[in-house]
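See below for the structure under consideration.
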Amino acid sequence: MAVYPRHQITINGEKKGLQAKGKPGFDLRYGKYSEIITPEHEFAFNLNGEIKFIKGRTMEWPHPFEQLKRTDGNDWVYYSCGKEGGERGVIFWLGEYYLPCLPYPNNSLDRAEYFSNPVVMKALGAWSMLFGTLYELQANGLQPGDKDLVERILAHDDNTLYQRSKRLRDIIGGRVSVLPPDTRHVDYEVVPLSISQGCLYHCGFCCVKSSNKFQVREKEDILVQIKSLKEFFGRNLENYRGLFLGDHDALAAGEEAISFAVKEAKEILDIGGNGAQQPLLFFFGSVGAFLKSKPTLMEALNRSGFRVYINLGFESVDPETLKFIKKPITREQVLEAFEKMHAVNSRYENVEITGNFLMGERLPQGHFPALEDLLKNAPGPSRGKGAVYLSPLKNRGEDEQLLDRYFDLKSISRLPVFVYLIQRL
Ligand code: SF4
(Lines give C-alpha, C1' and ligand atoms only; values in the text may rest on other atoms or scores of the structure.)
Protein backbone atom coordinates (compact mmCIF):
# COMPACT_ATOMS: atom_id res chain seq x y z
CA MET A 1 0.00 0.00 0.00
CA ALA A 2 1.35 3.45 -0.89
CA VAL A 3 -0.02 6.75 0.41
CA TYR A 4 0.39 9.98 -1.55
CA PRO A 5 -0.66 12.66 0.97
CA ARG A 6 -0.27 15.67 -1.33
CA HIS A 7 -2.69 14.14 -3.83
CA GLN A 8 -4.82 12.57 -1.09
CA ILE A 9 -4.80 9.11 -2.59
CA THR A 10 -3.82 5.64 -1.47
CA ILE A 11 -2.85 2.94 -3.96
CA ASN A 12 -3.30 -0.70 -3.06
CA GLY A 13 -1.49 -2.83 -5.63
CA GLU A 14 -2.74 -6.32 -6.17
CA LYS A 15 -5.40 -7.45 -3.69
CA LYS A 16 -7.34 -10.65 -3.38
CA GLY A 17 -11.09 -10.20 -3.15
CA LEU A 18 -12.91 -11.71 -0.22
CA GLN A 19 -14.84 -13.85 -2.65
CA ALA A 20 -11.82 -15.34 -4.41
CA LYS A 21 -12.94 -18.75 -3.26
CA GLY A 22 -16.67 -18.39 -3.17
CA LYS A 23 -19.91 -17.01 -4.52
CA PRO A 24 -20.34 -13.24 -4.48
CA GLY A 25 -22.20 -11.99 -1.44
CA PHE A 26 -22.25 -8.35 -0.36
CA ASP A 27 -18.65 -8.00 -1.45
CA LEU A 28 -18.46 -8.46 -5.21
CA ARG A 29 -14.72 -7.98 -5.47
CA TYR A 30 -13.68 -11.50 -6.04
CA GLY A 31 -10.53 -12.55 -7.82
CA LYS A 32 -7.50 -10.29 -7.92
CA TYR A 33 -7.84 -6.55 -8.28
CA SER A 34 -6.16 -3.25 -7.41
CA GLU A 35 -7.61 -0.32 -5.59
CA ILE A 36 -7.22 3.44 -5.41
CA ILE A 37 -8.79 5.27 -2.51
CA THR A 38 -9.51 9.00 -2.35
CA PRO A 39 -11.26 10.82 0.52
CA GLU A 40 -14.59 10.51 -1.34
CA HIS A 41 -14.38 7.32 -3.42
CA GLU A 42 -12.94 3.86 -3.78
CA PHE A 43 -11.99 2.71 -7.30
CA ALA A 44 -11.27 -0.94 -8.09
CA PHE A 45 -9.44 -2.10 -11.24
CA ASN A 46 -9.09 -5.50 -12.79
CA LEU A 47 -5.74 -7.10 -13.63
CA ASN A 48 -5.61 -5.28 -16.99
CA GLY A 49 -6.01 -1.90 -15.27
CA GLU A 50 -9.62 -1.46 -16.44
CA ILE A 51 -11.97 0.27 -14.00
CA LYS A 52 -14.42 -2.22 -12.50
CA PHE A 53 -16.07 -0.71 -9.42
CA ILE A 54 -16.64 2.72 -7.90
CA LYS A 55 -18.03 3.19 -4.45
CA GLY A 56 -18.68 6.38 -2.44
CA ARG A 57 -17.03 6.75 0.97
CA THR A 58 -18.93 9.71 2.38
CA MET A 59 -22.21 9.92 4.27
CA GLU A 60 -24.04 11.16 1.19
CA TRP A 61 -23.45 7.85 -0.69
CA PRO A 62 -26.82 6.01 -0.77
CA HIS A 63 -25.65 2.91 1.16
CA PRO A 64 -22.22 1.62 2.28
CA PHE A 65 -22.75 -1.71 0.44
CA GLU A 66 -23.88 -0.15 -2.83
CA GLN A 67 -21.57 0.50 -5.75
CA LEU A 68 -21.23 1.06 -9.48
CA LYS A 69 -19.88 -1.77 -11.59
CA ARG A 70 -18.63 -1.54 -15.17
CA THR A 71 -19.35 -4.58 -17.32
CA ASP A 72 -17.25 -5.89 -20.21
CA GLY A 73 -19.94 -4.47 -22.47
CA ASN A 74 -19.00 -1.05 -20.96
CA ASP A 75 -22.30 -0.50 -19.13
CA TRP A 76 -22.21 1.10 -15.71
CA VAL A 77 -24.59 -0.88 -13.50
CA TYR A 78 -25.60 0.40 -10.07
CA TYR A 79 -25.69 -2.38 -7.47
CA SER A 80 -28.43 -1.43 -5.07
CA CYS A 81 -29.49 -3.17 -1.87
CA GLY A 82 -33.12 -2.56 -2.93
CA LYS A 83 -35.83 -0.36 -1.46
CA GLU A 84 -37.17 -2.92 0.97
CA GLY A 85 -35.56 -5.18 3.54
CA GLY A 86 -36.90 -8.13 5.50
CA GLU A 87 -39.03 -10.70 3.76
CA ARG A 88 -39.45 -8.54 0.66
CA GLY A 89 -35.72 -7.85 0.39
CA VAL A 90 -33.91 -8.47 -2.90
CA ILE A 91 -32.32 -11.69 -1.63
CA PHE A 92 -35.84 -13.21 -1.55
CA TRP A 93 -36.71 -12.34 -5.11
CA LEU A 94 -33.34 -12.40 -6.89
CA GLY A 95 -31.49 -14.95 -4.81
CA GLU A 96 -28.63 -12.44 -4.51
CA TYR A 97 -27.90 -9.59 -2.13
CA TYR A 98 -27.85 -6.99 -4.87
CA LEU A 99 -30.34 -5.59 -7.31
CA PRO A 100 -28.52 -4.62 -10.50
CA CYS A 101 -29.97 -1.28 -11.69
CA LEU A 102 -29.26 -1.04 -15.37
CA PRO A 103 -28.63 2.10 -17.40
CA TYR A 104 -30.94 0.85 -20.19
CA PRO A 105 -34.62 -0.20 -20.14
CA ASN A 106 -35.23 -3.66 -18.70
CA ASN A 107 -37.95 -5.60 -16.89
CA SER A 108 -36.97 -4.72 -13.31
CA LEU A 109 -39.62 -4.58 -10.58
CA ASP A 110 -37.84 -1.81 -8.75
CA ARG A 111 -37.57 1.35 -10.82
CA ALA A 112 -34.95 3.06 -8.69
CA GLU A 113 -33.56 5.95 -10.73
CA TYR A 114 -29.99 5.86 -9.50
CA PHE A 115 -28.65 7.42 -12.64
CA SER A 116 -30.39 10.70 -11.92
CA ASN A 117 -28.91 10.78 -8.41
CA PRO A 118 -26.25 13.54 -8.40
CA VAL A 119 -24.15 11.61 -5.86
CA VAL A 120 -23.91 8.62 -8.22
CA MET A 121 -23.20 10.87 -11.20
CA LYS A 122 -20.51 12.61 -9.19
CA ALA A 123 -18.80 9.23 -8.69
CA LEU A 124 -18.57 8.79 -12.47
CA GLY A 125 -17.18 12.33 -12.72
CA ALA A 126 -14.63 11.51 -10.01
CA TRP A 127 -13.41 8.61 -12.15
CA SER A 128 -12.56 11.06 -14.97
CA MET A 129 -10.89 13.42 -12.53
CA LEU A 130 -8.77 10.61 -11.10
CA PHE A 131 -7.04 10.47 -14.46
CA GLY A 132 -5.68 14.00 -13.99
CA THR A 133 -4.34 13.10 -10.54
CA LEU A 134 -2.70 9.93 -11.85
CA TYR A 135 -0.99 11.83 -14.69
CA GLU A 136 0.35 14.32 -12.16
CA LEU A 137 1.58 11.54 -9.91
CA GLN A 138 3.22 9.82 -12.84
CA ALA A 139 5.10 13.01 -13.70
CA ASN A 140 6.10 13.70 -10.09
CA GLY A 141 7.28 10.23 -9.24
CA LEU A 142 5.46 7.13 -8.15
CA GLN A 143 6.70 4.43 -5.86
CA PRO A 144 8.24 1.62 -7.95
CA GLY A 145 5.48 -0.87 -7.16
CA ASP A 146 2.76 1.51 -8.41
CA LYS A 147 4.29 2.51 -11.76
CA ASP A 148 2.99 -0.47 -13.77
CA LEU A 149 -0.46 -0.28 -12.27
CA VAL A 150 -0.87 3.44 -12.96
CA GLU A 151 0.42 2.95 -16.50
CA ARG A 152 -2.15 0.19 -17.07
CA ILE A 153 -4.95 2.36 -15.68
CA LEU A 154 -3.95 5.36 -17.78
CA ALA A 155 -3.89 3.13 -20.86
CA HIS A 156 -7.60 2.42 -20.30
CA ASP A 157 -9.38 5.74 -20.52
CA ASP A 158 -13.10 5.99 -21.36
CA ASN A 159 -12.52 5.94 -25.10
CA THR A 160 -10.26 2.87 -24.89
CA LEU A 161 -12.80 1.07 -22.70
CA TYR A 162 -15.53 1.83 -25.21
CA GLN A 163 -13.35 0.61 -28.09
CA ARG A 164 -12.59 -2.56 -26.16
CA SER A 165 -16.28 -3.29 -25.67
CA LYS A 166 -16.70 -2.89 -29.43
CA ARG A 167 -13.77 -5.23 -30.00
CA LEU A 168 -15.45 -7.85 -27.79
CA ARG A 169 -18.61 -7.57 -29.90
CA ASP A 170 -16.55 -7.91 -33.08
CA ILE A 171 -14.91 -11.09 -31.78
CA ILE A 172 -18.17 -12.84 -30.96
CA GLY A 173 -20.22 -11.34 -33.78
CA GLY A 174 -22.45 -8.90 -31.89
CA ARG A 175 -23.61 -7.83 -28.47
CA VAL A 176 -24.93 -10.44 -26.03
CA SER A 177 -28.47 -9.04 -25.76
CA VAL A 178 -29.40 -11.24 -22.81
CA LEU A 179 -27.57 -13.42 -20.31
CA PRO A 180 -29.16 -16.48 -18.69
CA PRO A 181 -30.50 -15.82 -15.17
CA ASP A 182 -28.15 -18.49 -13.81
CA THR A 183 -25.17 -16.24 -14.56
CA ARG A 184 -26.12 -14.49 -11.31
CA HIS A 185 -23.99 -17.20 -9.67
CA VAL A 186 -20.89 -15.43 -11.02
CA ASP A 187 -22.40 -11.96 -10.83
CA TYR A 188 -22.91 -11.94 -14.64
CA GLU A 189 -19.13 -12.06 -15.16
CA VAL A 190 -18.73 -14.51 -18.01
CA VAL A 191 -16.52 -15.03 -21.01
CA PRO A 192 -18.95 -15.06 -23.96
CA LEU A 193 -18.42 -17.43 -26.88
CA SER A 194 -20.88 -17.64 -29.80
CA ILE A 195 -21.49 -21.13 -31.05
CA SER A 196 -24.75 -20.29 -32.80
CA GLN A 197 -26.83 -17.33 -33.90
CA GLY A 198 -30.54 -16.66 -33.74
CA CYS A 199 -33.23 -18.96 -32.40
CA LEU A 200 -35.77 -21.46 -33.63
CA TYR A 201 -38.97 -19.63 -32.71
CA HIS A 202 -38.87 -15.83 -33.11
CA CYS A 203 -41.68 -15.50 -30.55
CA GLY A 204 -43.90 -12.44 -30.85
CA PHE A 205 -43.43 -11.16 -27.28
CA CYS A 206 -39.62 -11.38 -27.19
CA CYS A 207 -37.63 -8.16 -26.95
CA VAL A 208 -34.17 -9.72 -27.23
CA LYS A 209 -34.50 -11.89 -30.32
CA SER A 210 -32.46 -11.25 -33.42
CA SER A 211 -33.81 -11.45 -36.91
CA ASN A 212 -31.22 -14.12 -37.74
CA LYS A 213 -32.29 -17.50 -38.96
CA PHE A 214 -30.85 -20.10 -36.58
CA GLN A 215 -27.31 -21.04 -37.58
CA VAL A 216 -24.53 -23.02 -35.97
CA ARG A 217 -21.05 -21.47 -36.13
CA GLU A 218 -18.32 -23.41 -37.93
CA LYS A 219 -15.69 -25.08 -35.74
CA GLU A 220 -13.00 -22.91 -37.30
CA ASP A 221 -14.96 -19.80 -36.39
CA ILE A 222 -15.40 -21.02 -32.78
CA LEU A 223 -11.68 -21.66 -32.53
CA VAL A 224 -10.79 -18.21 -33.89
CA GLN A 225 -13.13 -16.66 -31.33
CA ILE A 226 -11.57 -18.60 -28.45
CA LYS A 227 -8.06 -17.54 -29.44
CA SER A 228 -9.14 -13.92 -29.85
CA LEU A 229 -10.95 -14.02 -26.48
CA LYS A 230 -7.78 -15.25 -24.80
CA GLU A 231 -5.90 -12.28 -26.18
CA PHE A 232 -8.75 -9.88 -25.43
CA PHE A 233 -9.17 -10.80 -21.75
CA GLY A 234 -5.42 -11.04 -21.23
CA ARG A 235 -4.21 -11.39 -17.70
CA ASN A 236 -7.64 -10.76 -16.24
CA LEU A 237 -8.88 -14.07 -17.66
CA GLU A 238 -7.77 -15.70 -14.42
CA ASN A 239 -10.53 -13.80 -12.61
CA TYR A 240 -13.30 -15.51 -14.61
CA ARG A 241 -15.12 -18.61 -13.48
CA GLY A 242 -17.94 -18.58 -16.01
CA LEU A 243 -18.22 -19.36 -19.71
CA PHE A 244 -21.37 -18.43 -21.65
CA LEU A 245 -22.15 -20.17 -24.92
CA GLY A 246 -24.26 -17.85 -27.08
CA ASP A 247 -26.51 -16.87 -28.25
CA HIS A 248 -30.23 -17.53 -27.74
CA ASP A 249 -30.38 -21.29 -28.23
CA ALA A 250 -26.89 -22.77 -28.00
CA LEU A 251 -28.48 -26.09 -27.05
CA ALA A 252 -29.91 -26.33 -30.58
CA ALA A 253 -26.34 -26.17 -31.92
CA GLY A 254 -26.14 -29.86 -31.04
CA GLU A 255 -23.75 -32.15 -29.25
CA GLU A 256 -20.82 -31.88 -31.64
CA ALA A 257 -20.62 -28.07 -31.64
CA ILE A 258 -21.23 -27.82 -27.87
CA SER A 259 -18.67 -30.48 -26.96
CA PHE A 260 -16.10 -28.98 -29.33
CA ALA A 261 -16.57 -25.47 -27.93
CA VAL A 262 -16.45 -26.62 -24.31
CA LYS A 263 -13.32 -28.71 -24.80
CA GLU A 264 -11.41 -26.04 -26.74
CA ALA A 265 -12.49 -23.23 -24.43
CA LYS A 266 -11.48 -25.21 -21.39
CA GLU A 267 -8.06 -25.99 -22.79
CA ILE A 268 -7.24 -22.63 -24.34
CA LEU A 269 -8.95 -20.23 -21.95
CA ASP A 270 -8.34 -22.29 -18.83
CA ILE A 271 -11.43 -20.79 -17.16
CA GLY A 272 -11.37 -21.36 -13.44
CA GLY A 273 -7.84 -22.67 -13.92
CA ASN A 274 -6.68 -21.18 -10.62
CA GLY A 275 -8.47 -24.18 -9.14
CA ALA A 276 -10.26 -22.14 -6.48
CA GLN A 277 -13.66 -23.47 -7.54
CA GLN A 278 -15.33 -25.52 -10.23
CA PRO A 279 -15.80 -23.41 -13.41
CA LEU A 280 -19.37 -22.76 -14.51
CA LEU A 281 -20.86 -23.10 -17.98
CA PHE A 282 -24.07 -21.34 -19.01
CA PHE A 283 -26.28 -21.43 -22.05
CA PHE A 284 -29.86 -21.10 -23.21
CA GLY A 285 -31.95 -23.86 -24.71
CA SER A 286 -35.34 -23.99 -26.38
CA VAL A 287 -37.99 -26.52 -25.44
CA GLY A 288 -37.63 -28.18 -28.86
CA ALA A 289 -33.84 -28.47 -28.65
CA PHE A 290 -34.08 -29.83 -25.10
CA LEU A 291 -36.63 -32.47 -26.05
CA LYS A 292 -34.36 -33.57 -28.89
CA SER A 293 -31.16 -33.62 -26.79
CA LYS A 294 -29.74 -37.07 -26.21
CA PRO A 295 -28.37 -38.56 -22.97
CA THR A 296 -24.90 -38.63 -24.58
CA LEU A 297 -24.82 -34.81 -24.52
CA MET A 298 -25.84 -34.63 -20.85
CA GLU A 299 -23.26 -37.29 -20.02
CA ALA A 300 -20.55 -35.36 -21.85
CA LEU A 301 -21.51 -32.14 -20.08
CA ASN A 302 -21.60 -33.92 -16.76
CA ARG A 303 -18.01 -35.04 -17.29
CA SER A 304 -16.81 -31.75 -18.79
CA GLY A 305 -15.26 -30.44 -15.58
CA PHE A 306 -17.80 -27.57 -15.55
CA ARG A 307 -20.88 -27.17 -13.43
CA VAL A 308 -23.37 -26.71 -16.28
CA TYR A 309 -26.52 -24.55 -16.27
CA ILE A 310 -28.94 -24.81 -19.19
CA ASN A 311 -31.76 -22.30 -19.05
CA LEU A 312 -34.95 -23.15 -20.94
CA GLY A 313 -37.60 -20.72 -22.16
CA PHE A 314 -40.94 -22.31 -21.19
CA GLU A 315 -42.82 -19.00 -20.79
CA SER A 316 -46.21 -20.57 -20.05
CA VAL A 317 -48.02 -23.82 -19.62
CA ASP A 318 -51.33 -22.34 -20.73
CA PRO A 319 -52.21 -22.87 -24.43
CA GLU A 320 -54.00 -19.50 -24.71
CA THR A 321 -50.96 -17.68 -23.34
CA LEU A 322 -48.56 -19.48 -25.65
CA LYS A 323 -50.77 -18.37 -28.52
CA PHE A 324 -51.05 -14.83 -27.15
CA ILE A 325 -47.26 -14.39 -26.87
CA LYS A 326 -46.82 -16.06 -30.27
CA LYS A 327 -44.56 -18.83 -29.03
CA PRO A 328 -44.88 -21.74 -31.45
CA ILE A 329 -44.84 -24.59 -28.93
CA THR A 330 -47.63 -26.52 -27.24
CA ARG A 331 -48.64 -27.08 -23.61
CA GLU A 332 -47.81 -30.75 -24.08
CA GLN A 333 -44.26 -29.94 -25.18
CA VAL A 334 -43.80 -27.64 -22.18
CA LEU A 335 -45.03 -30.36 -19.81
CA GLU A 336 -42.78 -32.98 -21.41
CA ALA A 337 -39.73 -30.68 -21.20
CA PHE A 338 -40.59 -29.79 -17.59
CA GLU A 339 -40.63 -33.47 -16.71
CA LYS A 340 -37.37 -34.07 -18.54
CA MET A 341 -35.84 -31.15 -16.63
CA HIS A 342 -36.40 -33.05 -13.36
CA ALA A 343 -35.08 -36.29 -14.78
CA VAL A 344 -31.84 -34.63 -15.97
CA ASN A 345 -31.43 -32.73 -12.70
CA SER A 346 -31.73 -35.83 -10.61
CA ARG A 347 -29.51 -37.96 -12.85
CA TYR A 348 -26.53 -35.69 -13.58
CA GLU A 349 -24.74 -34.19 -10.64
CA ASN A 350 -23.00 -31.44 -12.62
CA VAL A 351 -25.88 -30.41 -14.86
CA GLU A 352 -28.70 -28.14 -13.78
CA ILE A 353 -31.63 -27.37 -16.03
CA THR A 354 -33.54 -24.25 -15.04
CA GLY A 355 -36.64 -22.79 -16.66
CA ASN A 356 -38.21 -19.42 -17.36
CA PHE A 357 -41.86 -18.47 -17.21
CA LEU A 358 -43.43 -15.12 -17.84
CA MET A 359 -45.37 -13.09 -15.33
CA GLY A 360 -47.54 -10.15 -16.30
CA GLU A 361 -50.99 -8.96 -15.33
CA ARG A 362 -52.12 -8.62 -18.94
CA LEU A 363 -51.44 -12.20 -19.91
CA PRO A 364 -54.53 -14.37 -20.59
CA GLN A 365 -56.47 -15.42 -17.49
CA GLY A 366 -55.38 -19.04 -17.64
CA HIS A 367 -51.65 -18.28 -17.31
CA PHE A 368 -51.28 -17.91 -13.55
CA PRO A 369 -53.63 -20.76 -12.51
CA ALA A 370 -51.81 -23.13 -14.89
CA LEU A 371 -48.42 -21.99 -13.59
CA GLU A 372 -49.57 -22.27 -9.98
CA ASP A 373 -50.77 -25.78 -10.63
CA LEU A 374 -47.47 -26.77 -12.26
CA LEU A 375 -45.29 -25.35 -9.48
CA LYS A 376 -47.49 -26.66 -6.66
CA ASN A 377 -47.43 -30.19 -8.01
CA ALA A 378 -43.85 -30.26 -9.32
CA PRO A 379 -41.53 -32.92 -7.96
CA GLY A 380 -39.35 -31.31 -5.28
CA PRO A 381 -35.92 -29.98 -6.28
CA SER A 382 -33.46 -32.73 -7.14
CA ARG A 383 -30.18 -32.09 -5.34
CA GLY A 384 -31.42 -28.52 -4.75
CA LYS A 385 -31.55 -27.96 -8.54
CA GLY A 386 -34.27 -26.93 -10.98
CA ALA A 387 -34.74 -23.23 -10.26
CA VAL A 388 -37.68 -21.54 -11.94
CA TYR A 389 -37.26 -17.93 -13.02
CA LEU A 390 -40.20 -15.59 -13.51
CA SER A 391 -39.60 -12.90 -16.04
CA PRO A 392 -41.78 -9.78 -15.71
CA LEU A 393 -43.60 -8.79 -18.88
CA LYS A 394 -45.21 -5.63 -17.70
CA ASN A 395 -46.60 -2.22 -18.26
CA ARG A 396 -45.73 0.83 -16.19
CA GLY A 397 -47.04 0.84 -12.64
CA GLU A 398 -47.37 -2.91 -12.26
CA ASP A 399 -44.25 -3.46 -10.13
CA GLU A 400 -45.99 -3.88 -6.76
CA GLN A 401 -48.75 -6.10 -8.15
CA LEU A 402 -46.23 -8.35 -9.86
CA LEU A 403 -44.02 -8.60 -6.83
CA ASP A 404 -47.06 -9.72 -4.80
CA ARG A 405 -47.87 -12.22 -7.51
CA TYR A 406 -44.27 -13.46 -7.43
CA PHE A 407 -44.32 -13.99 -3.65
CA ASP A 408 -47.62 -15.87 -3.92
CA LEU A 409 -46.14 -18.23 -6.52
CA LYS A 410 -42.94 -18.65 -4.52
CA SER A 411 -44.92 -19.61 -1.42
CA ILE A 412 -46.74 -22.48 -3.14
CA SER A 413 -43.91 -23.72 -5.37
CA ARG A 414 -42.05 -26.93 -4.59
CA LEU A 415 -39.13 -25.63 -6.66
CA PRO A 416 -36.90 -22.62 -5.92
CA VAL A 417 -38.40 -19.55 -7.63
CA PHE A 418 -36.68 -16.25 -8.46
CA VAL A 419 -37.31 -13.15 -10.55
CA TYR A 420 -35.40 -12.94 -13.82
CA LEU A 421 -34.08 -9.52 -14.80
CA ILE A 422 -32.99 -9.26 -18.39
CA GLN A 423 -29.39 -8.17 -18.48
CA ARG A 424 -27.08 -7.74 -21.46
CA LEU A 425 -23.32 -7.92 -21.73
S1 SF4 B 1 -38.01 -16.10 -26.32
FE2 SF4 B 1 -36.20 -17.28 -26.93
S3 SF4 B 1 -36.93 -18.55 -28.60
FE4 SF4 B 1 -38.45 -16.93 -28.37
S5 SF4 B 1 -37.75 -15.31 -29.78
FE6 SF4 B 1 -36.85 -14.85 -27.80
S7 SF4 B 1 -34.84 -15.76 -27.91
FE8 SF4 B 1 -36.04 -16.71 -29.54
Side-chain angles (χ1 to χ4, degrees), residues 73 102 104-108 169 172-184 188 190 192-217 244-254 257-258 282-293 309-338 340-341 352-360 362-364 367 370-371 374 387-395 402 418-425:
L102 308 170
Y104 48 88
N106 85 323
N107 60 346
S108 180
R169 279 177 239 168
I172 60 171
R175 176 159 227 160
V176 175
S177 61
V178 59
L179 286 167
D182 310 300
T183 54
R184 69 187 174 89
Y188 310 95
V190 287
L193 169 65
S194 290
I195 66 163
S196 63
Q197 274 175 303
C199 66
L200 303 178
Y201 300 144
H202 297 100
C203 316
F205 79 98
C206 178
C207 58
V208 296
K209 64 178 175 262
S210 65
S211 52
N212 295 337
K213 204 167 150 251
F214 181 77
Q215 270 183 331
V216 182
R217 299 283 197 110
F244 166 62
L245 300 184
D247 54 4
H248 299 142
D249 191 357
L251 184 59
I258 296 171
F282 306 94
F283 53 99
F284 286 113
S286 60
V287 165
F290 184 55
L291 288 176
K292 265 199 207 153
S293 66
Y309 292 86
I310 308 174
N311 180 250
L312 307 178
F314 295 120
E315 323 309 353
S316 182
V317 69
D318 170 49
E320 274 308 298
T321 307
L322 289 168
K323 201 165 143 200
F324 177 80
I325 61 170
K326 298 198 176 89
K327 183 147 193 131
I329 55 174
T330 64
R331 169 182 161 83
E332 289 67 35
Q333 286 172 310
V334 172
L335 289 173
E336 195 186 335
F338 197 72
K340 186 170 173 181
M341 168 172 115
E352 176 166 357
I353 312 294
T354 64
N356 302 334
F357 288 92
L358 292 175
M359 62 172 179
R362 314 228 165 151
L363 290 171
H367 175 69
L371 184 55
L374 185 78
V388 165
Y389 291 94
L390 302 181
S391 178
L393 182 72
K394 65 191 180 80
N395 292 307
L402 282 178
F418 302 101
V419 172
Y420 177 16
L421 301 183
I422 290 176
Q423 195 164 159
R424 73 187 184 191
L425 184 65

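Numbering starts at 1 and runs along the sequence shown. Remember, it's 1-based here, ligands and their atoms both numbered in the order they're listed.
The salt bridge (charged side-chain N to carboxylate O under 4.0 Å, His left out) check on Arg169 picks up nothing, with sequence neighbours excluded. Shown here are the ring pair (Phe, Tyr, Trp, His ring centres under 6.0 Å) partners of Tyr420, two or more places apart in sequence or in another chain: there are none.
Between Asp247 and Val176 there is no side-chain heavy-atom pair separated by less than 4.5 Å.
What sits closest to atom 2 (Fe) of ligand 1 on the protein, heavy atoms only, is Lys327 NZ, 4.3 Å.
Distances under 2.8 Å from atom 6 (Fe) of ligand 1 pick out the protein N/O/S atoms Cys206 SG.
No side-chain N or O of Asn356 forms a donor-acceptor pair with one of Ser391 less than 3.5 Å apart. Counting only N and O atoms by type, the side chains of Arg424 and Tyr188 include no donor and acceptor under 3.5 Å apart.
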Contacts under 3.5 angstrom, residues 194-208 side chains, donor-acceptor by atom type, not counting sequence neighbours:
from	atom 1	to	atom 2	distance (Å)
Ser194	OG	Ile172	O	2.9
Ser196	OG	Gly246	O	3.4
Tyr201	OH	Gly288	N	2.9
His202	NE2	Ser210	O	3.4
His202	NE2	Asn212	O	2.9

